[in-house]
Amino acid sequence: MISKTAIEQLIEKLGAENVASEKEDLLVLGYDSTPGIHCLPEVAVYPTSREGVLAAMEIAGREGLPIVPRGSGTGLSGGSVPVKGGMVLCLNRMNRILEIDEENLTATCEAGVITLDLFNATAARGLFYPPDPGSQKISTLGGNVMEDAGGLRGLKYGVTRDYVMALQCVLPDGSLLTTGGKSVKDVAGYAFKDLLVGSEGTLGIITEITVKLIPPPQAKRTILAYFDDIRAAGEAVSKIIAAKIIPSTMEIMDKATINCVEDYVKIGLPRQMAALLLIEVDGHPAMVEEDAQKVDLILRQVKAAQIHIAKDAEEAGKLAAARRTALSALARVSPTTLLEDATVPRSMLAETFAEIERLTAKYKLTVGTFGHAGDGNLHPTVLCDERNAEEMQRAHAFYDDLYDKVLAWGGTVSGEHGIGLAKKEYLARQIGAGGVKVMKRIKNAFDPKGMLNPGKIFSDDDPSTQSQVEEGFCVSH
Amino acid sequence: MSRTKEKLGNFTQLDAPKYEDVLQCMRCGFCLPTCPTFALTGRERSSPRGRVALARAVAEQKLEFTDAVKQEAFFCLDCRACTTACPSGVRAGEVMEICRSQSHQQVPLGHVGNSFRKFILQRMLPDPELMERSMLPARLYQRLGIQWLVRHSKALKLGPAWMEKAEGMLPELKAPLRPQLPVITEAVGEKRGRIGFFLGCVMTLMYPDVSRQTVRVLAYQGFDVVTPRATKCCGAPHLSEGDRQTARELALFNLDLFLQADVDYIVTDCAGCGAALKEYEELLDGETEHERLASFRAKVRDVSEFLTEVGLRTGGLKPVQKSVTYHEPCHLCHAQSISRQPRDLIQQIPGVELREMEEASWCCGSAATWGLKFSEESRQVLDRKLDNVRKTEAEILVTANPGCQLQLAWGVRERDLPVQVLHIMELLGEATP
């Protein structure tokens, strides 16, 4: 348990308003958006500068407290959950956009900046920051970098990693590491930056991020297609890619998802359809025109039940916003939404849908599937009730079987949510014991004492650091 | 249902949240950017997601119903912006409202505080005549020039901040409307129906001229307007303060009164009353036949909602050559999902130019007594609103709820902004011959 002196020191260094140790504060910093996980940290700090981060880490080190960085707590794999207690380092008060460099096409900001705020600030200068995770309205850049968040535009524009140019971070021994820069090319030594992206707070605490910006597309066209059979939608996706068209967005929702989303947004989505595809093509107006026509032709070939073109940017925006609510809207149906992040090579999409259908029937579950079809990245979501242990078991068996297939097809257990706590076993299955060992060695090189976000990505071997679990609630002291 | 069958965790049995309602939150955080108190503090426990998590922890016996839980229940503005933002259908505001009721059971006030609260909620508000009499001193205070004296001597600087603000917010008080308004005001022109007008307490006491316009507008629109004199407080202050029992008693009374009045619709010009009236069905579940509750609920309309639904008769309306911006009362847009209708009405008034402000549906910081209890925080929320108002450079700021109107008019006066604050029915009244 954290000592009184340590709390006093934290208050002295960071200010009383930036340190929380009341149980009511700590209780609500022990979760993210991952179901079924809730832990209790010992202290929470809200540094407002890199010096503050450094000071907090020093004190945590002295106290032997694990350090868990947290942005807005919207993660979907438990990355920011203090599973071993310790100190939650909230970065959401470090939220200044420091620079938008129009000559180098970069933006530099603190780790706690909200993703959409950065998007808006750069858009106001006629520039474009493409990564747009579903939670962009509230997720932080730091969190996006740590989990290598994707989004709706991943198909054409890539994910967070593709935009990170430089990172400034604090290592557990108190040293500062700046990696990367504004140069377009950089092959000087190991690519620390790439190692840090997606490291889920296990290697260092990021304080500052420089991202690449691009000119925004001049034109856009949003197409909505409905299908009587979800496999036809999968086929459409594969055919569009095979026709060498790269839409900026190609999102899918199945019937269950369409209905939940429509319950919330009420924009007239057809409830009886088996699936919908939301496709956006963007770029030069002439090319957009041509791509839209080709997409339309393919949709007709695969016998889409209906094809609808958004009449203006406002309607397109509404459709994209509706899609972003999919996961949360599914939570209307049941108390627990268990979601996964399986990603397959795109040619295997139709098979994946078939497999999901088969397993849904086999395990007698209710499943809503949506996701980034164009990336082969699906979010089959089991709608269940965590109070029903037997149902939860079936849900886990569903994912076990599904991941066997996904891995056999050369897919991955996480396209964009990270491993965190939720998918450690699946990762081991994917990369094998040897792969996990190398990852641990890398972790050890950055963080020899294991202070940073312990228990994430892979399991700690040391049983003495295991948390005590009490009726499904991890208590660290 | 007031009593749950089984006691839920560390809640008492009377008026506890339902476990399903807190379990529904999947913690996506979509509510965070819409919550004024989270915007103020950046503290998770002062966010809807955090508050629901606290309630869940109490339900799961991970936490006692502590003083901090009570603080959060009352620090919540109950603006319901999070309800609008929540794709999962969680109603954090209502969970907090119920936690306020728990607060009084579990973390009671001291003797003096409790007696005062009981007097206001259980004696004064349920009795329209007592309320009218109690306003007399305030009217005399204004009439006799004492207000002028007090304000100029800055005497109130010595007292608590809320007292100075409360005094500053007082509009020019006129005689209460309730005893003056005819029980039946007859329709003008071709009659379209018969409506029961629910005259709210704040409207009759503070804004008699507004509701007078409402009745005039409704009559001009072709409706016989019945205003039952016996109407009691809708119960909103009680729900907001966590006295659900008195709220139920008032609700039952009003339910009987308006069902007997044999009207086609029950219309109010107060967003707070409208939201409460629409919640009677839930509040009184199990207290009376469901049929009666459903029939009552089916008739309740906010005045903007009503006029848009039946169609505004625009023939004969006089032009109002003004630029107008519209502030959405939380209890209209978030609690009743009425957002489009007031704008439709405003735009149907000839001559009016509607200018949208940014964040029109962000709370103004009034929120029943919140604006007095947390006067500094309220000021910050109000500043954000007034900055957005100012940017529109509109001549008139229209709203549809007396709480907002008091707060906005006060803010405009304090800041000396060149904008007139009106209720939407005053604007429509100006256009009505």
Side-chain angles (χ1 to χ4, degrees), chain A residues 17 20 22-35 38 40 44 46 70 72-76 88 90 92-93 95 112 114 116-117 134-135 137-139 260-261 263-266 322 324-337 339 385-387 470-473 475, chain B residues 9 18-35 38-73 75 82-91 337 339-340 358:
Chain A
E17 70 283 11
E22 273 185 57
K23 190 175 178 191
E24 291 81 358
D25 275 301
L26 300 176
L27 256 174
V28 298
L29 296 170
Y31 53 69
D32 64 4
S33 205
T34 318
H38 191 185
L40 189 66
Y46 294 85
R70 186 180 193 275
S72 291
T74 57
L76 290 162
V88 173
C90 301
N92 55 337
R93 289 187 191 164
N95 58 359
I114 303 289
L116 189 63
D117 289 350
S135 55
K137 267 190 192 169
I138 186 64
S139 67
C260 288
V261 168
D263 282 344
Y264 175 56
V265 295
K266 301 184 182 79
R324 282 180 207 287
T325 67
L327 170 62
S328 314
L330 280 169
R332 298 175 88 85
V333 179
S334 65
T336 311
T337 39
L339 133 143
D385 187 334
E386 60 198 84
R387 293 168 294 183
E470 180 188 294
E471 291 171 56
F473 185 51
V475 185
Chain B
K18 288 191 198 121
Y19 190 47
E20 273 65 29
D21 292 349
V22 291
L23 215 52
Q24 201 67 41
C25 174
M26 49 84 69
R27 308 185 294 218
C28 65
F30 276 34
C31 53
L32 299 181
T34 69
C35 175
F38 182 67
L40 283 177
T41 62
R43 207 171 169 186
E44 178 80 12
R45 76 176 220 195
S46 305
S47 75
R49 179 175 67 176
R51 290 183 173 116
V52 172
L54 286 179
R56 182 172 169 177
V58 174
E60 291 174 352
Q61 294 183 305
K62 291 171 185 168
L63 186 69
E64 294 292 321
F65 194 99
T66 59
D67 200 42
V69 178
K70 175 183 170 176
Q71 279 171 27
E72 283 311 328
F75 188 44
C82 49
T83 304
T84 304
C86 181
S88 320
V90 178
R91 297 184 297 179
S337 301
S339 210
R340 173 185 53 82
E358 282 171 38

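By convention in this document, chain letters (A, B, ...) are assigned in the order of the sequence lines, proteins followed by strands, and residues within each chain are numbered from 1.
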Exercise. Might you confirm whether atom CD of Glu17(A) has over 12 heavy atoms from other residues, nucleotides or ligands at distances under 6.0 Å?
Key: yes
Quiz item: Do the non-hydrogen side-chain atoms of Met26(B) and Leu330(A) ever get within less than 4.5 Å of each other?
Solution: no
Quiz item: Where on Ser334(A) is there a heavy atom nearer than 4.5 Å to chain B: the side chain, the backbone, both, or neither?
Solution: backbone
Exercise. Under 4.5 Å heavy-atom distance to chain A, tell me which part of Cys25(B) shows up: side chain, backbone, both or neither.
Key: neither
Quiz prompt | Under 4.5 Å from any heavy atom of chain A - which part of Thr84(B) | solution = backbone
Self-check item: Backbone of Ser328(A) reached by a side-chain donor or acceptor of Ser88(B) within 3.5 Å
Solution: yes
Quiz item: Can you name the closest pair of heavy atoms from Gln24(B) and Val333(A) and give their distance?
Solution: NE2-N, 4.3 Å
Quiz item: Side chain, backbone, both or neither: which part of Glu386(A) has a non-hydrogen atom closer than 4.5 Å to chain B?
Solution: side chain
Quiz item: At a heavy-atom separation under 4.5 Å, does Arg56(B) approach chain A through its side chain, its backbone, both, or neither?
Solution: side chain
Exercise. Tell me, for Thr41(B) versus chain A, whether the close heavy atoms (under 4.5 Å) come from the side chain, the backbone, both or neither.
Key: backbone
Practice problem: Mind listing the closest non-hydrogen atom pair of Tyr31(A) and Ala53(B) along with its distance? | Solution: CE2-CB, 3.5 Å
Exercise. Give the intermediate values and the outcome of side chain to side chain contact (heavy atoms under 4.5 Å, CB included) for residues Gln71(B) and Glu24(A).
Key: CA-CA 11 Å; Gln71(B) 279 171 27; Glu24(A) 291 81 358; over 6 Å; no
Quiz prompt | Portion of Val265(A) that has a non-hydrogen atom of chain B nearer than 4.5 angstrom | solution = neither
Practice problem: Of all the heavy-atom pairs spanning Gly50(B) and Val28(A), show the shortest one and how long it is. | Solution: O-CG1, 3.4 Å
Quiz item: Is chain B contacted by the side chain of Thr325(A), its backbone, both, or neither, given a heavy-atom distance below 4.5 Å?
Solution: both
Practice problem: Could you look at Glu44(B) and say if it's the side chain, the backbone, both or neither that has a heavy atom under 4.5 Å from chain A? | Solution: both
Quiz prompt | Closest heavy-atom pair and its distance - Gly73(A), Arg49(B) | solution = O-NH1, 2.8 Å
Practice problem: Quick one: pull up CZ in Phe30(B) and OG in Ser33(A) and give me the separation to the nearest 0.5 Å. | Solution: 8.5 Å
Practice problem: Can you establish whether the number of heavy atoms outside Lys137(A) located under 6.0 Å from its atom NZ is more than 12? | Solution: no
Self-check item: Most chain A-contacting option - heavy-atom pairs closer than 4.5 Å, from Cys86(B), Gly29(B), Gly89(B)
Solution: Cys86(B)
Practice problem: Report the option among Arg27(B), Glu72(B), Arg45(B) that has the most heavy-atom pairs separated by less than 4.5 Å from atoms of chain A. | Solution: Arg27(B)
Quiz prompt | Engaged part of Asp32(A) at the chain B interface, taking heavy atoms whose separation is under 4.5 Å | solution = backbone
Quiz prompt | Test side chain to side chain contact (heavy atoms under 4.5 Å, CB included) applied to Leu32(B) and Asn92(A), Ile138(A), Ile114(A), the passing residue | solution = Ile138(A)
Quiz prompt | Minimum-distance pair of heavy atoms, taken over all atoms of Tyr19(B) and Arg387(A) | solution = CD2-NH1, 3.3 Å
Quiz item: Arg51(B), Arg43(B), Glu20(B): which one forms the most heavy-atom pairs within less than 4.5 Å of chain A?
Solution: Arg43(B)
Quiz item: What part of Pro335(A) is in contact with chain B, defined as an atom under 4.5 angstrom from a non-hydrogen atom: side chain, backbone, both or neither?
Solution: both
Practice problem: Examine whether an atom of Thr34(A) lies under 4.5 Å from a heavy atom of chain B, and if so say whether it belongs to the side chain, the backbone or both; otherwise answer neither. | Solution: backbone
Quiz item: How far apart are the C-alpha atoms of Lys23(A) and Glu64(B), what are their side-chain angles, what is the distance that settles it, and do they pass the salt bridge (charged side-chain N to carboxylate O under 4.0 Å, His left out) test?
Solution: CA-CA 10 Å; Lys23(A) 190 175 178 191; Glu64(B) 294 292 321; over 6 Å; no
